[in-house]
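Data first, discussion second: the structure below is written as structure tokens.
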Amino acid sequence: MTKINLQDTFNNIFSEHAKNLKRQINVGEMARVNSFNEAKKTADVTPLVDDDDGYDKAVKINSCPVMSAALMKLNHTNHYVYDALKPGMVVFIVFNNRNLDNFEGGSYKKDTERMHSMNDAVIVGRY
């Protein structure tokens, strides 16, 4: 007869649940620029992380707003100058706490309870 240790069973279940919750919260990661819309200051990107189990399979994220700092580069005279993003560049993206569907640069009303979604990525810097 096999003895079941309830404490170990509980710990295993809780550990797996915590891991699954963490996987659903996007915070930030490196991505490659696919295209840049200079007029709208948005870019299509693909996260660089990929894993064997397919959970973090890289998917294209469309129309990420680009923060102004990500469009600046230090030149040879140690001054920051505008430098548009180009396909192939590596950038750092963060995922907004709430959905950005109605955001246009000021206060906005969220229209869903979506949180930390890949749909709400913002480019904050470049590598």
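Everything numeric here is computed off the predicted structure, so don't read it as measured data. Below, each value reflects all heavy atoms present in this structure, side chains not excepted, and no hydrogens, waters or symmetry copies.
- I93 CD1 to L48 CG: the interatomic distance, rounded to the nearest 0.5 Å, is 8.5 Å.
- Contact detail for S63 and D44: the closest heavy-atom pair is N-OD1, 2.8 Å.
- A donor-acceptor contact shorter than 3.5 Å links the side chain of D120 to the backbone of L100.
- Taken to the nearest 0.5 Å, the CE atom of M118 stands 5.0 Å off from the CD atom of E29.
- Hydrophobic clustering, defined by side-chain heavy atoms of Ile, Leu, Val, Met, Phe, Trp and Tyr closer than 4.5 Å, groups V27 together with I25.
- K110 pairs by the side-chain hydrogen bond (donor to acceptor under 3.5 Å, both in side chains) definition with E113, not counting sequence neighbours.
- A continuous path of hydrophobic side-chain contacts links V59 to V33 [ILVMFWY only; heavy atoms under 4.5 Å].
- The backbone N or O of N11 lies less than 3.5 Å from no partner atom in the side chain of S15, so there is not a single donor-acceptor pair.
- By the 4.5 Å side-chain criterion applied to Ile, Leu, Val, Met, Phe, Trp and Tyr, M115 is assigned to no cluster and stands alone.
- Inspection of the N12 and E16 side chains reveals no N or O donor paired with an N or O acceptor under 3.5 Å.
- Both Y127 and V94 sit in one connected hydrophobic cluster of ILVMFWY residues. Membership requires side-chain heavy atoms under 4.5 Å apart, directly or through other members.
- By the ring-ring contact (aromatic ring centres under 6.0 Å, His included) test, Y108 is found to be paired with F103, residues two or more places apart in sequence or in another chain being considered.
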D101 and R114: CA distance, side-chain angles, deciding distance, side chain to side chain contact (heavy atoms under 4.5 Å, CB included) verdict: CA-CA 10 Å; D101 293 344; R114 187 174 73 224; 2.8 Å; yes
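- Neither V90 nor F36 shares a network with the other; the hydrophobic side chains, linked directly or stepwise wherever heavy atoms of I, L, V, M, F, W or Y lie under 4.5 Å apart, form separate groups for each.
- Listed by chain and number, the hydrophobic cluster partners of I13 come to none, as no ILVMFWY side chain reaches under 4.5 Å of it.
- From N119, atom CG reaches atom CG of N99 across 9.0 Å, with rounding to the nearest 0.5 Å.
- Side-chain N/O atoms of N34 and T46 include a donor and acceptor closer than 3.5 Å.
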Output side-chain donor-acceptor pairs under 3.5 Å for residues 80-89, partner residues at least two apart or in another chain, one line each.
{"residue": "Y82", "atom": "OH", "partner": "E38", "partner atom": "OE2", "Å": "2.8"}
{"residue": "D83", "atom": "OD1", "partner": "K86", "partner atom": "NZ", "Å": "3.1"}
{"residue": "D83", "atom": "OD2", "partner": "R126", "partner atom": "NH2", "Å": "3.0"}
{"residue": "K86", "atom": "NZ", "partner": "A84", "partner atom": "O", "Å": "3.0"}

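- Hydrophobic cluster membership is shared by M67 and F92, with clusters built from Ile, Leu, Val, Met, Phe, Trp and Tyr side chains linked at under 4.5 angstrom.
- To the nearest 0.5 Å, the span separating CG on N102 from OG1 on T112 amounts to 9.0 Å.
- In the hydrophobic cluster analysis, where Ile, Leu, Val, Met, Phe, Trp and Tyr join through side-chain heavy atoms closer than 4.5 angstrom, M72 is grouped together with L74.
- Rounding to the nearest 0.5 Å gives a distance of 8.0 Å between NZ of K73 and CG of N75.
- Counting only heavy atoms from C-beta outward, the side chains of I61 and F95 approach each other to under 4.5 Å.
- Closest of all the heavy-atom pairs between A70 and I123 is CB-CG2, 3.9 Å.
- From S117, atom OG reaches atom CG of N97 across 12.0 Å, with rounding to the nearest 0.5 Å.
- Across every non-hydrogen atom of K41 and L71, the tightest pair is CD-CD1, 3.6 Å.
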